[in-house]
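Report on the structure given below.
For the numbers below, each heavy atom of this structure counts, side chains included, while hydrogens, waters and symmetry mates do not.
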Protein chains: 2
Amino acid sequence: MGMATVTIKDVAKKAGVTVTTVSRVLNNRGYISEATREKVYRAMKELNYQPNEIARSLLRRRTHILGIILPTVAHPFFSELAFFIEYYAYEYGYKVMLCNSQLDQKKEKEYVDMLRGNQVDGIIMASHTLEVDEYLNLKLPLVTFDRQLSQDIPFVSSDNYLGGTLATNLLIDKGCRKIAHICGNLRLNMLANQRNKAFVATAQARKVEYVTIETDLNVFDISQYDKLVLKLFEEHPDVEGVFAGSDVIAASVIKVCHQKGKKIPEEIKVVGYDDVSIASLTTPQLTTIRQPIEEMGKLAVELIHRQINKEKVAVENVLPVTLVERGTT
Amino acid sequence: MGMATVTIKDVAKKAGVTVTTVSRVLNNRGYISEATREKVYRAMKELNYQPNEIARSLLRRRTHILGIILPTVAHPFFSELAFFIEYYAYEYGYKVMLCNSQLDQKKEKEYVDMLRGNQVDGIIMASHTLEVDEYLNLKLPLVTFDRQLSQDIPFVSSDNYLGGTLATNLLIDKGCRKIAHICGNLRLNMLANQRNKAFVATAQARKVEYVTIETDLNVFDISQYDKLVLKLFEEHPDVEGVFAGSDVIAASVIKVCHQKGKKIPEEIKVVGYDDVSIASLTTPQLTTIRQPIEEMGKLAVELIHRQINKEKVAVENVLPVTLVERGTT
DNA sequence: GATTTTGTGTCAAGCGTTTATCATAAGGGG
DNA sequence: CCCCTTATGATAAACGCTTGACACAAAATC
């Protein structure tokens, strides 16, 4: 029984002080004697009081909520990214609202509006289907993943060109005569497209035959990868090395090779991307380009935080990648 | 130029009506002519107005926010679950606040308090380290995953006992003479412990040698699985079948077997649990017990929603599991 | 032509906080 | 004894919105 919500008034009454005093201890301002502070804390405890953040937010015009929009948290890369973003957000005192756009333009727009309506302090965008100008008049701290929207909006990324170079060179070094790159849709203006640029440039420079396979727009539907990989091997049975756009795709390559009796790494070599935790669970274990997911998530939160506090931030935030050699090359 | 936030007053002024009228069109109540409705919509569009949900929430005492607390969204099972929860939450008009407890009791408590403070409409708990009474006086719609806290708090689960039976019988049917079950820590009062009960009962009934390996409390640190599996094979080199507590653990078993040169499924058979999407990416593909993750997520949201609307809900919500036979048995 | 329905306005309270202002009072230092 | 610091209270406004009460007028209905 008892009223539904206990408010600061109830605490004040119970402690025998005014709401002003309670608010003072709550916010640590003005003079408060140790005795009343104790009384107030005790009353709060007894009533199981929790300050209404909604009311506070309304007044302060600050919610300490961050929105994060990503294609789907069911994809290992984004699930790990989401984990670290939430982790560091929490350290900075922010809560996180999770949005899976599924790369659906309508949904993405609705999420952005929803987050605006909920007065989030900032948005971390890892899903990009909207036109650039949709973001520009957002008047909200924003950080972008793997896409440069303008000269003003900071983004975090890792060195995609280097990643592409590293992967391609490795495949060639290991003796592949014809290599393939399975990558996301190149029409999406993502920085990840740099990987393909590097792939093509490296293959050409080293005079190796190469082919690029582009996925659909909806890149993150894991169950579709197999078909894509199968098609690749049908159309290009002479491919000796595959540079996959993600570890999940690479795992799919390994699986298809196994089904078709192609030995890895003897007949076909594979390098993945991301170094997500499943990369060390495949058989053989996956050679891959490691993105520093934790650092990227941390950095994204920092960049948002600094913007919220009106601090200057760099626009380009590109972290290094590393080659992790395991069993598939 | 341009004040920071545009409010309902600005819209009213721009449209040449009062805030009451704007509010009326916003909430579809009272009489409104098509003409003014249009005027108001146009003004909102021109000003890029988005109603302040914080203010609305304060008044309505309803935020349409759901909290979801799970061990870590970086684990495939929880990442898929989180995806579906968010998906269906969105369909019901809820937003989702994501919390990774990392099975840390302190963090879990802080998250619960934080969610209370933010006036969420309900909490979906998939992480359970707190004492039962911490939840009982929460006075908030709650749904639990895989744990029965009391006779009042609804939970969703899948048929763990059946899952354990199915897996164990399969291993025995396929000829394993000695089988192992790698499971979560049995001290945590989880319904998943039923799997081990079924494992033991089945093994005994069918007179097969068996051994149970318990993980630490912190079950979801993927990198720790290898050591555990290695230890298992050192202590029990004669094990012929492994029933893993999750597909991730099963993948680790496959990997270790490969390293030690034990052939799967010839020498060792493995069955996983969950049927997470990586289960079909291992080599060979994993035989596993499928939990209906989407249905579980959907059901959790429904149960919360019904509670919020003061509808009656069943306490026990146990969904069926199925055996998915692939290449590891 | 009387009545009802429709459309809009005015005003004010309230959601749970914070915060500024002012008032009051006790105790200590000079 | 005066002043300053410390400690608390009383009061009210504000955050952006919804809602109810009431008023008034035009249009539709009988």
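With rounding to whole Å, A:Ile8 atom CD1 is found 14 Å from D:dA10 atom P. Put simply, CD1 on A:Ile32 is 18 Å from P on D:dT5, counting in whole angstrom units. The distance between atom CG of B:Asn52 and atom P of D:dC15, rounded to the nearest whole Å, is 12 Å. When the P atom of C:dG16 is taken as reference, atom CG of B:Asn118 falls 15 Å away, rounded to whole Å. Straight-line distance from the NZ atom of A:Lys13 to the P atom of D:dA10: 13 Å, rounded to whole Å. As rounded to whole Å, 14 Å separates atom C1' of C:dG16 from atom CD of A:Gln50. Whole-Å rounding puts the A:Arg37 CZ to D:dT8 C1' distance at 13 Å. Taking atom NE2 of B:His64 as the reference point, atom C1' of D:dT18 lies 14 Å away to the nearest angstrom.
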I'd like a list of close polar pairs between nucleotides 19-21 of chain D and the protein, N/O only, cut-off under 3.5 Å.
{"residue": "D:dT19", "atom": "OP2", "partner": "B:Arg29", "partner atom": "NE", "Å": "3.4"}
{"residue": "D:dG20", "atom": "OP2", "partner": "B:Arg29", "partner atom": "NH1", "Å": "3.4"}

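Closest-nucleotide positions on DNA chain C for B:Lys39 and B:Leu58 were compared, and the one nearer the 5' end corresponds to B:Lys39. Nearer the 5' end of DNA chain C, as judged by each residue's closest nucleotide, is the contact made by B:Gly16, out of A:Lys9 and B:Gly16.
Between A:Glu302 and A:Arg306, none of the side-chain N atoms (NZ, or NE/NH1/NH2) sits under 4.0 Å from a carboxylate O, so this pair counts as no salt bridge. B:Glu295 and B:Lys298 are not joined by a salt bridge, as no carboxylate oxygen comes within less than 4.0 angstrom of a charged side-chain nitrogen. Ion pairing between a basic and an acidic side chain is recognised when a charged N comes within 4.0 Å of a carboxylate O; B:Asp10 and B:Lys14 show no such pairing.
Between A:Tyr94 and the options A:His64, A:Glu86, A:His305, a side chain to side chain donor-acceptor pair (under 3.5 Å) holds for only A:His305.
Contact annotation: B:Ser33 reaches the phosphate of C:dT8 (side-chain N/O to OP1 or OP2, under 4.0 Å). A close approach under 4.0 Å does occur between a side-chain nitrogen or oxygen of A:Arg56 and OP1 or OP2 of C:dT18. The shortest distance between the side-chain N/O atoms of B:Tyr31 and the OP1/OP2 oxygens of C:dG7 is not below 4.0 Å. B:Arg61 has no side-chain polar atom (N or O) that falls below the 4.0 Å cut-off from OP1 or OP2 of C:dG14.
Side chains of B:Ser158 and B:Gln291: a donor on one and an acceptor on the other come within 3.5 Å. Between the side chains of B:Ser23 and B:Thr20, no donor-acceptor pair is found at a separation under 3.5 Å.
Residue A:Thr36 places its side chain closer to D:dT8 than to any other of C:dT8, C:dG16, D:dT8.
Remark: side-chain polar atoms of B:Glu108 are paired, donor with acceptor, to backbone N or O of B:Thr129 under 3.5 angstrom.
Using a 4.0 Å heavy-atom cutoff across all strands shown, B:Ile54 reaches no nucleic acid atom at all.
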